[in-house]
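Input: a single structure, listed below in structure tokens.
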Amino acid sequence: MSENINTQTPPLANGGRGAHVCLTPALLPLFNVEDYIVVVIDIFRATSSICYGIENGAEAIIPVSQVEECAAYREKGLDYLLAAERDGSVVEGFDFGNSPFSYTKEKVAGKTIVLTTTNGTHALHLSRSAKKIVIGSFLNLTALSNWLNTQNENILLVCAGWKNNFNLEDTLFAGAVVDQLKDKGFVLDDAAIAANDLFQTGKHDINVYLKKTSHGERLKKLGIEKDIEFCLQIDLTTAIPVLEGEKLVKLKA
């Protein structure tokens with residue numbers, strides 16, 4: 001006998017926009033994703049690198065789910081950069097992974113990048129039925145929050161987590177966005193309230209607070225602590241990547 005999954009109905013019809021948080025992609029079936037603008041969050045490191053790359057003039061970033069899909073672009077003879085990461089490391093044979101230091105102006109300006117990561121691109125593909133998909137990171141926190149406030153739509157902050165499990169860094173960022181929206185007439189769900197409470201705990205020194213994260217520990221073992229520090233910089237960029245067709249491009253004001 002099949003089970004009926006009760007999906008969450010956003011409160012927009014009741015006069016208020018919803019600001020909701022999905023704590024892991026495994027919970028996305030509980031939401032009517034098509035009723036939301038979705039913000040995909042993968043702080044360490046995919047969405048931080050995407051924001052930085054788009055800010056630095058990347059023409060587009062094409063997110064794909066599988067390494068094989070990324071590799072297939074090599075056969076198309078296009079002048080694309082291929083980026084593939086699994087479990088924190090660059091996949092052998094690709095141009096780079098998802099370190100933000102690979103997305104400098106010198107490397108990506110005017111380029112199209114095909115990207116696959118362990119968590120971020122997975123969450124994005126599961127959200128494809130949304131009204132619109134944008135990318136969030138601490139790097140574009142204020143620009144993103146200000147834009148979300150101008151939209152007369154429900155907002156769903158989707159935390160990529162780690163292999164469908166909850167993680168601290170994505171939830172803390174979701175809480176930071178909620179903090180900027182909560183007094184703007186948005187109706188919060190319990191996950192949004194919890195994420196904001198978490199942000200209140202860690203906001204005074206986010207870097208110190210997130211040193212305890214399991215993903216942070218994985219990255220440290222790979223010797224890339226500088227990536228962590230970079231990804232926790234607030235408002236380094238103003239670019240908001242938005243999914244148009246198969247490509248993430250800079251949202252036009």
Side-chain angles (χ1 to χ4, degrees), residues 10 12 17-20 22 33-43 45-65 70 73 78-83 98 100 102-117 120-121 123-160 170 173-174 176-181 184-186 230-231 233-253:
L12 187 60
R17 297 172 291 175
H20 298 162
C22 179
V33 176
E34 63 275 10
D35 292 332
Y36 294 91
I37 291 175
V38 162
V39 180
V40 174
I41 306 162
D42 185 6
I43 297 302
R45 298 163 286 170
T47 61
S48 301
S49 295
I50 289 168
C51 290
Y52 192 51
I54 293 296
E55 177 76 17
N56 282 331
E59 184 174 313
I61 296 175
I62 302 173
V64 297
S65 295
C70 190
Y73 276 83
L78 300 169
D79 186 26
Y80 289 173
L81 294 172
L82 303 184
N98 66 348
S102 297
Y103 290 76
T104 60
K105 286 183 181 180
E106 295 75 17
K107 292 183 179 179
V108 305
K111 296 286 189 178
T112 294
I113 302 149
V114 185
L115 172 67
T116 183
T117 72
T121 53
L124 192 153
H125 278 272
L126 291 178
S127 304
R128 277 189 172 271
S129 62
K131 289 184 175 182
K132 191 182 294 287
I133 296 176
V134 294
I135 302 300
S137 71
F138 284 107
L139 304 186
N140 70 345
L141 170 61
T142 299
L144 173 68
S145 299
N146 288 342
W147 178 80
L148 291 172
N149 187 44
T150 67
Q151 306 303 300
N152 189 33
E153 300 287 353
N154 297 294
I155 309 302
L156 182 61
L157 300 154
V158 177
C159 302
D170 295 348
F173 174 77
V177 176
V178 170
D179 201 56
Q180 297 201 28
L181 299 181
K184 308 291 187 182
F186 284 88
F230 187 94
C231 293
Q233 295 178 93
I234 294 176
D235 293 339
L236 184 67
T237 73
T238 58
I240 302 170
V242 60
L243 189 68
E244 291 187 0
E246 65 171 6
K247 297 180 178 181
L248 289 163
V249 297
K250 187 175 182 179
L251 181 71
K252 296 175 182 176

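Summarising the geometry of A123 relative to V40, their closest heavy-atom pair is CB-CG1, 4.2 Å, with the distance given to 0.1 Å. Residues N98 and A46 come closest through the heavy atom pair ND2-N, 3.6 Å. Shown here for A143 and T238, the closest heavy-atom pair between the two residues is CB-O, 3.5 Å. Nearest heavy-atom pair, I43 versus D170, reported as atom, atom and distance to 0.1 Å: N-OD1, 2.9 Å. Heavy-atom minimum distance, R128 versus G245: NH1-O, 3.5 Å. Between C22 and L156, the shortest heavy-atom distance links the atoms N-CD1, 3.9 Å.
Under a 3.5 Å cut-off, the side chain of H125 and the backbone N or O of P63 do form a donor-acceptor pair. For the pair T116 (side chain) and V64 (backbone), a donor-acceptor distance under 3.5 Å is present. Of the possible polar contacts, one joining the R17 side chain to the Q151 backbone as a donor-acceptor pair under 3.5 Å is found. Remark: side-chain polar atoms of Q233 are paired, donor with acceptor, to backbone N or O of F230 under 3.5 angstrom. Between the side chain of N154 and the backbone N or O of G18, at least one donor-acceptor pair lies under 3.5 Å. In this structure, D235 contributes its side chain and T142 its backbone to a donor-acceptor pair below 3.5 Å. Looking at E246, its side chain never comes within 3.5 Å of a backbone N or O of I62 through a donor-acceptor pair. Using a distance-only test at 3.5 Å, with no hydrogens or angles considered, no donor-acceptor pair links the side chain of S48 to the main chain of S137.
One distance of note links CG of L144 with CG of L181; it measures 8.0 Å at 0.5 Å rounding. Here the CD-CD1 distance, from E153 to I155, works out to 7.5 Å after rounding to the nearest 0.5 Å. Here the straight-line distance linking atom OH of Y73 with atom CD1 of I113 works out to 13.0 Å at 0.5 Å rounding. For the atom pair L115 CG and C70 SG, the distance stands at 7.0 Å (nearest 0.5 Å). Once rounded to the nearest 0.5 Å, the distance linking OG of S145 with NZ of K184 reads 10.0 Å. The distance from atom CD1 of I61 to atom CG of L243, rounded to the nearest 0.5 Å, is 11.5 Å.
Looking at heavy atoms from C-beta onward, I50 lies out of side-chain contact with Y103 at the 4.5 angstrom threshold. F186 has its side chain within reach of N149: a pair of non-hydrogen atoms, C-beta onward, lies under 4.5 Å apart. With contacts defined as side-chain heavy-atom distances shorter than 4.5 Å, the pair L141/V177 qualifies. Looking at heavy atoms from C-beta onward, I37 lies in side-chain contact with W147 at the 4.5 angstrom threshold. Using a 4.5 Å cut-off on side-chain heavy atoms (C-beta onward), V242 and I133 make no contact. The shortest side-chain heavy-atom distance between V38 and K131 does not fall under the 4.5 Å cut-off. Two residues are said to be in side-chain contact when any heavy atoms from C-beta on lie closer than 4.5 Å; N140 and P241 meet this criterion. Under the 4.5 Å side-chain criterion, counting only non-hydrogen atoms from C-beta, V39 is in contact with L148.
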For this session: Check the pair I135, C51 against side-chain contact (heavy atoms from CB on, under 4.5 Å), reporting the backbone distance first and the verdict last.
Result: CA-CA 7 Å; I135 302 300; C51 290; 3.9 Å; yes
For this session: Kindly indicate, with the supporting measurements, whether the criterion side-chain contact (heavy atoms from CB on, under 4.5 Å) is fulfilled by Y52 and V108.
Result: CA-CA 10 Å; Y52 192 51; V108 305; over 6 Å; no
For this session: Run the numbers on L139 and E55 for side-chain contact (heavy atoms from CB on, under 4.5 Å), then give the verdict.
Result: CA-CA 10 Å; L139 304 186; E55 177 76 17; over 6 Å; no
For this session: Could you walk me through whether Y80 and K111 pass the side-chain contact (heavy atoms from CB on, under 4.5 Å) test, one step at a time?
Result: CA-CA 7 Å; Y80 289 173; K111 296 286 189 178; over 6 Å; no
